[in-house]
Amino acid sequence: MSKLYIVPTPIGNLEDMTFRAIRILKEVDLILAEDTRTSGKLLKHFEIGTHMYSHHMHNEHKTIENLISRLKAGENIALISDAGTPAISDPGFLLTRACVENGVEVECLPGATAFVPALVNSGLPNDKFVFEGFLPEKKGRQTRYLALAEETRTMILYVSPHKLVKTLVEFSTYFGEDRQISVSRELSKLHEENIRGTVKEVAAHFDKIAPRGEIVVVVSGKTITKEPKKSKFSENEQS
C-alpha cells in the first residue's frame with residue numbers, strides 16, 4: 001500500500017540526519033520539498049537522487065488533489081521541510097489531513113525539531129507546556145498576549161531574529177519584566193547559544209548584541225499565588 005512519509009531533516013547539524021530518514025528518501029518515488037534549492041544541498045550530501053517536487057505554503061492548496069491521486073495510484077511520497085519536522089510551523093498539515101480523509105497511510109519518522117531541545121535546556125518546567133509557534137503579526141496579536149499572560153504552563157514561541165527585541169518589549173508589557181525566559185538560537189549549529197534570565201536581563205543582552213539565526217523563546221508560565229487559609233481560631237476571634 002502506498003504511504004506518505006513525514007521525514008524530519010536536521011535543523012543545523014547534518015549529523016542529526018537518521019539512517020532511516022536517508023533510506024526512506026532514497027526509496028520513495030517522490031520527495032516534496034519546501035524549497036528544492038535548500039533541500040537539493042541536503043540530498044546531494046547524502047547521495048539521494050530521488051526526484052523532488054516543490055510543496056510550500058503558497059501552492060499546497062493547489063497541489064493536494066494531484067498528490068492524493070498519485071498516492072492512491074500506488075506511489076510512495078516523502079514530505080520534508082527546509083529544516084526540522086514538517087507541519088511544525090511549516091507546510092504539512094493540509095496534506096496529512098487529506099491523506100487521513102482519503103484513507104492513505106501516513107507515517108511520521110522521529111527526528112529533529114527545534115522546540116524540544118530549546119525547552120529541555122531552558123531549565124524551565126517542562127512537565128507541562130504549550131507550543132505557540134509564531135504569534136500573529138498584527139491582527140489578534142494583543143488578544144493572544146492577553147490570553148498567554150494568564151497561561152500557567154511553560155510557553156514555547158518561534159521568533160524571527162529581526163523581531164526579537166520588539167517581542168521582548170511586548171513580553172515586558174504583558175508578562176512583566178521579571179518573568180523567567182530562555183532564548184535559544186542556532187540550535188545544533190557551531191554558534192549555538194542559550195541566554196537565560198528575566199525578560200529584563202535577556203532584553204538588555206540583545207540590546208547590546210543583535211540577534212541572529214533561528215530563534216526559539218521559552219517563557220515560564222504565570223505563577224499562581226495561593227491565599228493563606230484562615231484558621232478556625234482566627235474565625236472564632238472575629239466572631
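Along the sequence shown, residues are numbered consecutively beginning with 1.
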Which atom pairs, one a donor and one an acceptor, fall under 3.5 Å between side chains of residues 172-182 and the rest of the protein, sequence neighbours left out?
from, atom 1, to, atom 2, distance (Å)
Thr173, OG1, Val169, O, 3.2
Arg179, NH1, Ser220, O, 2.7

So, the side chain of Thr18 versus the backbone of Ala21: is there a donor-acceptor pair under 3.5 Å, distance only? yes

Answer whether the closest heavy-atom distance between the side chains of His45 and Leu14 falls below 4.5 Å. yes

Would you say Leu30 and Arg70 make side-chain contact, with heavy atoms under 4.5 Å? yes

Does Ile88 belong to the same Ile/Leu/Val/Met/Phe/Trp/Tyr cluster as Tyr5, with side-chain heavy atoms less than 4.5 Å apart forming each link? no

Minimum-distance pair of heavy atoms, taken over all atoms of Ala203 and Leu168: CA-CD1, 3.7 Å

Note, Asn194 side chain near Leu187 side chain (heavy atom, < 4.5 Å): yes

Nearest 0.5 Å, please: how far is CD in Glu60 from CE in Met57? 7.5 Å

Using the ring centroid of each side chain, check whether Phe19 and Phe46 are separated by less than 6.0 Å. no

Neighbour count >12 (heavy atoms, 6.0 Å) for atom NZ, Lys166: no

Expected output: side-chain Asp16 to main-chain Pro10 donor-acceptor under 3.5 Å: no

In terms of hydrophobic clusters joined by side-chain contacts under 4.5 Å, are Val217 and Leu124 together? no

Smallest separation among heavy atoms of Val7 and Ala78, with atom names: CG2-CB, 4.1 Å

Under a 4.5 Å side-chain heavy-atom rule over Ile, Leu, Val, Met, Phe, Trp and Tyr, are Leu135 and Val202 clustered together? yes

4.5 Å side-chain heavy-atom contact, His205 and Glu193: yes

Side chain to side chain, His56 and Asp35, heavy atoms closer than 4.5 Å: no

Lys/Arg-Asp/Glu bridge criterion (N-O < 4.0 Å) met for Arg141, Glu170: yes

Heavy atoms only: give me the nearest Ser39-Ile80 pair and the separation to one decimal. OG-CD1, 3.5 Å

For Glu47, look at atom CD and say whether over 12 heavy atoms of other residues, nucleotides or ligands are found less than 6.0 Å away. no

With a 4.0 Å cut-off, would you call Glu27 and Arg23 a salt bridge? yes

I'd like to know if the side chain of Thr154 reaches the main chain of Pro125, judged simply by a donor and an acceptor atom lying under 3.5 Å from each other, with no hydrogens or angles considered. yes

Salt bridge (Lys or Arg N to Asp or Glu O under 4.0 Å) for Arg144 and Glu132? Distances and angles first, verdict last. CA-CA 10 Å; Arg144 195 75 210 117; Glu132 285 291 319; 3.0 Å; yes

Minimal non-hydrogen separation, Leu4 against Leu71, with atom names: N-CD2, 4.1 Å

Non-hydrogen side-chain atoms of Leu42 and Ile48 separated by less than 4.5 Å: no

When rounded to the nearest 0.5 angstrom, what distance separates CD1 in Ile215 from CG in Leu157? 12.0 Å

Salt bridge between Arg196 and Glu201, side-chain N to carboxylate O under 4.0 Å? no

Pairs under 3.5 angstrom only: tabulate donor-acceptor contacts from the side chains of residues 102-116 to other protein residues two or more places apart or in another chain.
from, atom 1, to, atom 2, distance (Å)
Asn102, OD1, Lys72, NZ, 3.1
Asn102, ND2, Ala98, O, 2.7
Glu107, OE1, Lys3, NZ, 2.6
Glu107, OE2, Arg20, NH2, 2.2

Do Asp29 and Ile77 come close enough that some side-chain heavy atom pair is under 4.5 Å? no

For the side chain of Arg153 and the backbone of Lys128, is there at least one donor-acceptor N/O pair under 3.5 Å apart? no

Between the CD atom in Glu34 and the OG1 atom in Thr9, the distance rounded to the nearest 0.5 Å is 9.0 Å

May I ask you to test the Arg185-Arg212 pair for a side-chain heavy-atom distance under 4.5 Å? yes

State whether the side chain of Ser2 and the backbone N or O of Asn76 hold a donor-acceptor pair below 3.5 Å, judged by distance alone. no

According to a hydrophobic-cluster definition based on side-chain heavy atoms being under 4.5 Å apart (Ile, Leu, Val, Met, Phe, Trp, Tyr only), do Val199 and Phe129 belong together? no

Has the side chain of Asp90 got a donor or acceptor atom that lies under 3.5 Å from a matching backbone atom of Pro86? no

Calculate, to the nearest 0.5 Å, the distance between atoms OG1 and CD1 belonging to Thr63 and Ile68 respectively. 9.5 Å

Measuring from atom NE2 of His55 to atom CD1 of Ile31, what distance do you get when rounded to the nearest 0.5 angstrom? 14.0 Å

If you take all heavy atoms of Pro211 and Val165, which pair is closest and at what distance? CD-CG2, 4.5 Å

Closest non-hydrogen atom pair, Thr36 against Tyr53: CG2-C, 4.3 Å

Gap between atom CG of Leu119 and atom CZ of Phe131 - 0.5 Å precision: 11.0 Å

Examine distances only and state if a side-chain atom of Ser160 and a backbone atom of His162 form a donor-acceptor pair shorter than 3.5 Å. no

Same cluster or not: Val28 versus Leu95, using hydrophobic residues (I, L, V, M, F, W, Y) connected whenever any side-chain heavy atoms lie under 4.5 Å apart? no

